[in-house]
Enquirer: 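I have a structure here, written as structure tokens, and I will follow up with some questions on it.
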Amino acid sequence: MEQNFQKCTTMSVRVRFAPSPTGPLHIGGVRTALFNFLFAKKNNGKFILRIEDTDRSRYVPGAEDHIKNSLKWLGIEWDEGPDVGGPFGPYRQSERVNLYREYAELLVKKGHAYYAFDTPEELEAFRERLRKAGVPNPQYNSITRQYMRNSLTLPADEVEKLINSGTPYVIRIKVPRNREIKFYDVIRGWVSFNSNELDDKVLFKSDGFPTYHLANVVDDHLMQITHVIRGEEWIPSTPIHVLLYEFFGWEKPQFAHLPLILRPDGKGKLSKRAAIEAGFPVYAIKWTDPQTNESNEGFREIGFIPEGLINVLALLGWHPPEDREIYTLEELINYFELDRVGKSGAQFNFEKAKWINQQHILRLSPEKLYEYAEPFLSEYFSEGVDRETLMRALLVMRERGTTIREILELTKSVFYPPELNSVFELLPEWNEQVRTALSEFAEVISKEETDSHDISNKIKEIAKRWELKKGKFMLTIRVALTGQKAGPPLGELITLIGKEEVVRRINRVLNAKEEGKQIQTK
RNA sequence: GGCCCCAUAGUUUAACGGCUAGAACACCGGCUUUUCAGGCCGGGGGUCCGGGUUCGAUUCCCGGUGGGGCUGCCA
């Protein structure tokens, strides 16, 4: 451990986020990227983005863009990676594919790996046989490899013949028998495995591509990665990686395995399906499946702002040193420590996420708030809305909404009169006094120069004169104006809507009520 | 099934052997001379169980239980 500390201080920190473009980037991945990013920036290190596209069969077009755009939207910028380049490129594994074979073969030469000629069908038959014999998870390991077709069991000349004749083969790691393999995890402490439980994992596939195990170790070494910060699901394959570092004779990086993000009910990893069921997104930004054309909104589309989502994700598994939960990216960088990352899985709580988002919306400058609202505007307003009024309205309404969309929804009431149905539904009570008071109010409003404070006084005055409870009277006005029972202080609302429009809306309700009465009496 | 990881209120968590176990979201109540999803104040609610170690365990050790992860020529 002392050695490790020394390493940290003498070498500059280099971390990487290494997603595979087999699908869109979900928030678990974003969280991993964020923690890597925070750790790098905190330590004046480099954050590297590396695309692990070694699985040709599962490659999804557009996924890489989705990954990059998600990170960009959130302000998680990479120092090295695709598009920006860097001294250790290329940063897409498919573009460095010719490099892995020699490393795999080096291991064969050293006696730490071997060629295996078993076809997928043979492997399946082998597994099936063992399963039937009562072995729940058959392994290709130090025992069973003796019964398979590989360079350990076949004579050397036959191996050569097979390879030269173009027979497909893979290269497997030769896991040593009965050894304790342990590594120190920055978050969890020592983790140890017995090598007998490990598979002879495939390092190099028959299609000429490396597997994750090989590629990730080779690239982490070549790119001088100092800390591997990744999800907990990688713990079981870490001993294989540890073995590889040892076989190559390379110094291994520090490992830090992050706790999983769980579904809201705690029953398993957060998945797209679980999130949809619970009613929130799993992606930072919208994703449209190129195959099915099915599309899912991201947090951006439902009205989260990047500041908010960053904060939400940072608090999933990490805890700041202070009793305070709202942080900017800069503050997060400043406070971030790996030793304040927890070990247990964190259930995603959408309610709290919205609250955090709201806290950040509340802190936005008017200009920034407008900027975030802008992409949504056409969905809520017609062309002609007054920009300045809209800006003022957003500022007033933001206290009452947790997302940009909620705020916009509330803001509509400033520009558009309510449905009369909802007005009638919510109007507290209606009688001659109310009617008279309301029309008097409209009259006063239209005549006198008033600010929002005067308006409140007028309301009280009129309510008193007509022996109405002022609370109820105010509610009446609010409902008549917006068709809603809740909203910003009435005075503010009225100045926002504008006197003329207020009078128009009140008269509209008055007239409608009048007509309704006539219909009833007929 | 095997291996590994984890375990403080409903949820996210604080406490790195020593104060009535601290906060936030949610919930309940009050106030904010109207509403409220905003603000303020208050309230209920927690150390999974059993053994150790110790003067003293949320904390350290062991065992159980529970939950999760992994178990592919996927990452």
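Below, read A as the first sequence line, B as the second, and so on, with proteins coming before strands; counting in each chain starts at 1. Keep in mind it's a predicted model, so treat the numbers as computed, not measured.
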Enquirer: Between B:U58 and B:C19, how far apart are the C1' atoms? Round to whole Å, please.
Expert: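 B:C19 and B:U58 have their C1' atoms separated by 15 Å.
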
Enquirer: Does the side chain of A:Ser20 get closer than 4.0 angstrom to OP1 or OP2 of B:C74 through an N or O atom?
Expert: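 Negative; the distance criterion is not met.
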
Enquirer: Taking the same atom, C1', in B:U54 and in B:U11, what whole-Å distance lies between them?
Expert: 34 Å

Enquirer: In terms of heavy-atom contacts, does CD of A:Glu467 have more than 12 from other residues, nucleotides or ligands at under 6.0 Å?
Expert: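 Counting other residues, nucleotides and ligands, CD of A:Glu467 stays at 12 neighbours or fewer.
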
Enquirer: Measuring to OP1 and OP2 of B:G72, would you say a side-chain N or O of A:Arg172 lies under 4.0 angstrom away?
Expert: no

Enquirer: In whole Å, what is the span from the OH atom of A:Tyr100 to the C1' atom of B:C73?
Expert: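 Computing the A:Tyr100:OH to B:C73:C1' distance gives 17 Å.
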
Enquirer: Hey, would you say the A:Tyr184 and A:Phe255 ring centroids sit under 6.0 Å apart?
Expert: no

Enquirer: Any ion pair linking A:Arg16 and A:Asp220 (charged N to carboxylate O, less than 4.0 Å)?
Expert: yes

Enquirer: Identify which one of A:Leu313, A:Val312, A:Leu270, A:Leu309 satisfies the side chain to side chain contact (heavy atoms under 4.5 Å, CB included) criterion when paired with A:Arg31.
Expert: A:Leu313

Enquirer: Quick one: closest heavy-atom pair of A:Ile67 and A:Pro21, and the distance?
Expert: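 Closest approach of A:Ile67 to A:Pro21: CD1-CA, 4.2 Å.
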
Enquirer: Take atom CG of A:Asn216 and atom C1' of B:C74, then tell me their distance rounded to the nearest Å.
Expert: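 Roughly 13 Å, once rounded to whole Å.
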
Enquirer: Contact class for A:Leu198 (heavy atom, under 4.0 Å): base, sugar-phosphate, or nothing?
Expert: nothing

Enquirer: With a 4.0 Å cut-off on heavy atoms, is A:Arg188 in touch with a base, just the backbone sugar-phosphate, or nothing at all?
Expert: sugar-phosphate

Enquirer: Do the side chains of A:Glu64 and A:Arg92 get close enough for a salt bridge, i.e. N-O under 4.0 angstrom?
Expert: yes

Enquirer: Considering heavy-atom distances to RNA chain B, does A:Ser237 or A:Lys472 have its closest nucleotide positioned more toward the 5' end?
Expert: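 Closer to the 5' end of RNA chain B: A:Lys472.
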
Enquirer: Using a heavy-atom cut-off of 4.0 Å across all strands, would you classify A:Pro489 as base, sugar-phosphate, or nothing?
Expert: base

Enquirer: Rounded to the nearest angstrom, tell me the gap between atom CD in A:Glu232 and atom P in B:G68.
Expert: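 Going from A:Glu232 (CD) to B:G68 (P), I get 12 Å.
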
Enquirer: For A:Phe35 and A:Trp318, I'd like to know if the aromatic rings sit close, meaning centre-to-centre distance below 6.0 Å.
Expert: no

Enquirer: Check nucleotides 38-45 of chain B for protein N or O atoms closer than 3.5 Å to its own N or O atoms and list the pairs.
Expert:
| residue | atom | partner | partner atom | Å |
| --- | --- | --- | --- | --- |
| B:G38 | O4' | A:Glu399 | O | 2.5 |

Enquirer: Centroid-to-centroid, A:His241 to A:Phe183, below 6.0 Å?
Expert: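 No, the ring centres sit 6.0 Å or more apart.
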
Enquirer: For B:C4 and B:U47, measure between their P atoms and round to the nearest Å.
Expert: 29 Å

Enquirer: Contact class for A:Phe193 vs. all strands (heavy atom < 4.0 Å): base, sugar-phosphate, or nothing?
Expert: sugar-phosphate

Enquirer: Contact class for A:Val479 (heavy atom, under 4.0 Å): base, sugar-phosphate, or nothing?
Expert: nothing

Enquirer: Under 4.0 Å, counting only non-hydrogen atoms across every strand here, what does A:Arg56 touch: a base, just sugar-phosphate, or nothing?
Expert: nothing

Enquirer: Taking only the P atom of each, what is the distance from B:C16 to B:G22 in whole angstrom?
Expert: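 To the nearest whole Å, 14 Å.
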
Enquirer: Is the A:Phe350 to A:Trp355 ring centre distance short of 6.0 Å?
Expert: no

Enquirer: Please work out whether the ring planes of A:Tyr140 and A:Phe126 are parallel, tilted or perpendicular, with thresholds of 30° and 60°.
Expert: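 Answer is perpendicular, since the angle exceeds 60°.
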
Enquirer: A:Tyr372 vs A:Ile361, test: side chain to side chain contact (heavy atoms under 4.5 Å, CB included). Steps then yes/no.
Expert: CA-CA 9 Å; A:Tyr372 283 135; A:Ile361 289 178; over 6 Å; no

Enquirer: All N/O contacts under 3.5 Å from nucleotides 7-14 of chain B to the protein, with atom names and distances to one decimal?
Expert:
| residue | atom | partner | partner atom | Å |
| --- | --- | --- | --- | --- |
| B:U12 | OP1 | A:Gln347 | N | 3.0 |
| B:U12 | O2' | A:Leu315 | O | 3.1 |
| B:U13 | OP1 | A:Gly317 | N | 2.9 |
| B:U13 | O2' | A:His319 | NE2 | 2.7 |

Enquirer: Between the side-chain atoms of A:Thr211 and the base atoms of B:C73, is any donor-acceptor pair under 3.5 Å?
Expert: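 In this structure, the two groups form no donor-acceptor pair.
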
Enquirer: What is the nucleic acid contact for A:Thr402, judged by heavy atoms within less than 4.0 Å: base, sugar-phosphate only, or nothing?
Expert: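 No contact.
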
Enquirer: When the C1' atoms of B:C48 and B:U71 are compared, how many Å lie between them, rounded to an integer?
Expert: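 Here B:U71 and B:C48 have their C1' atoms 28 Å from each other.
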
Enquirer: Specify the closest pair of heavy atoms between A:Asn141 and A:Leu198, including all atoms of both residues, with the distance to one decimal.
Expert: CB-O, 3.7 Å

Enquirer: Starting at NZ of A:Lys354 and ending at C1' of B:C25, how long is that distance when rounded to a whole Å?
Expert: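 Rounded to whole Å, this separation is 12 Å.
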
Enquirer: What would the secondary structure line of RNA chain B be in dot-bracket form, counting Watson-Crick and G-U wobble pairs under 3.5 Å, with [ ] for pairs that cross earlier ones and | for pairs with another strand?
Expert: (((((((..((((....[...)))).((((((.....))))))....(((((..]....))))))))))))....

Enquirer: Scan A:Gly487 against the nucleic acid and name what it touches under 4.0 Å (heavy atoms): base, sugar-phosphate only, or nothing.
Expert: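 Here A:Gly487 touches the bases of the nucleic acid.
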
Enquirer: Expressed as a whole number of angstroms, how long is the span from A:Arg127:CZ to B:G2:C1'?
Expert: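 Result: 16 Å.
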
Enquirer: Taking the P atom of each, how far is B:U35 from B:G44, in whole Å?
Expert: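 Result for the P pair: 26 Å, nearest Å.
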
Enquirer: At less than 4.0 Å, is any side-chain N or O atom of A:Lys485 found next to OP1 or OP2 of B:U34? Yes or no.
Expert: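 No, outside the criterion.
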
Enquirer: Pick one: which of A:Leu162, A:Asn150, A:Val159 meets side chain to side chain contact (heavy atoms under 4.5 Å, CB included) with A:Tyr115?
Expert: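 Among A:Leu162, A:Asn150, A:Val159, the one meeting side chain to side chain contact (heavy atoms under 4.5 Å, CB included) with A:Tyr115 is A:Val159.
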
Enquirer: At less than 4.0 Å, is any side-chain N or O atom of A:Lys205 found next to OP1 or OP2 of B:A75? Yes or no.
Expert: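 Yes.
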
Enquirer: Please give, in whole Å, the distance from B:G67 C1' to A:Arg263 CZ?
Expert: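 Atom-to-atom, A:Arg263 to B:G67, this comes out as 13 Å.
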
Enquirer: With P as the reference atom in both, quote the distance from B:G64 to B:G2 in angstrom, rounded to an integer.
Expert: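 Taking atom P in both B:G64 and B:G2, they lie 12 Å apart.
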
Enquirer: Should the pair A:Arg101 and A:Phe204 be classed as cation-pi, given the thresholds of under 6.0 Å to the six-membered ring centre and 45° from the axis?
Expert: no

Enquirer: Could you tell me the separation between the CZ atom of A:Phe473 and the P atom of B:U33, rounded to a whole number of Å?
Expert: 18 Å

Enquirer: Could you tell me whether A:Thr54 contacts a base, only the sugar-phosphate backbone, or nothing, with contacts defined as non-hydrogen atoms closer than 4.0 Å?
Expert: sugar-phosphate

Enquirer: For A:Leu490 and for A:His213, locate the closest nucleotide of RNA chain B by heavy-atom distance; then report the residue assigned to the nucleotide nearer the 5' terminus.
Expert: A:Leu490

Enquirer: When you compare B:U12 with B:C73, how far apart are their P atoms, in angstrom units rounded to a whole number?
Expert: 35 Å

Enquirer: Calculate the interatomic distance between A:Asp199 atom CG and B:C73 atom P; express it in whole Å.
Expert: 8 Å

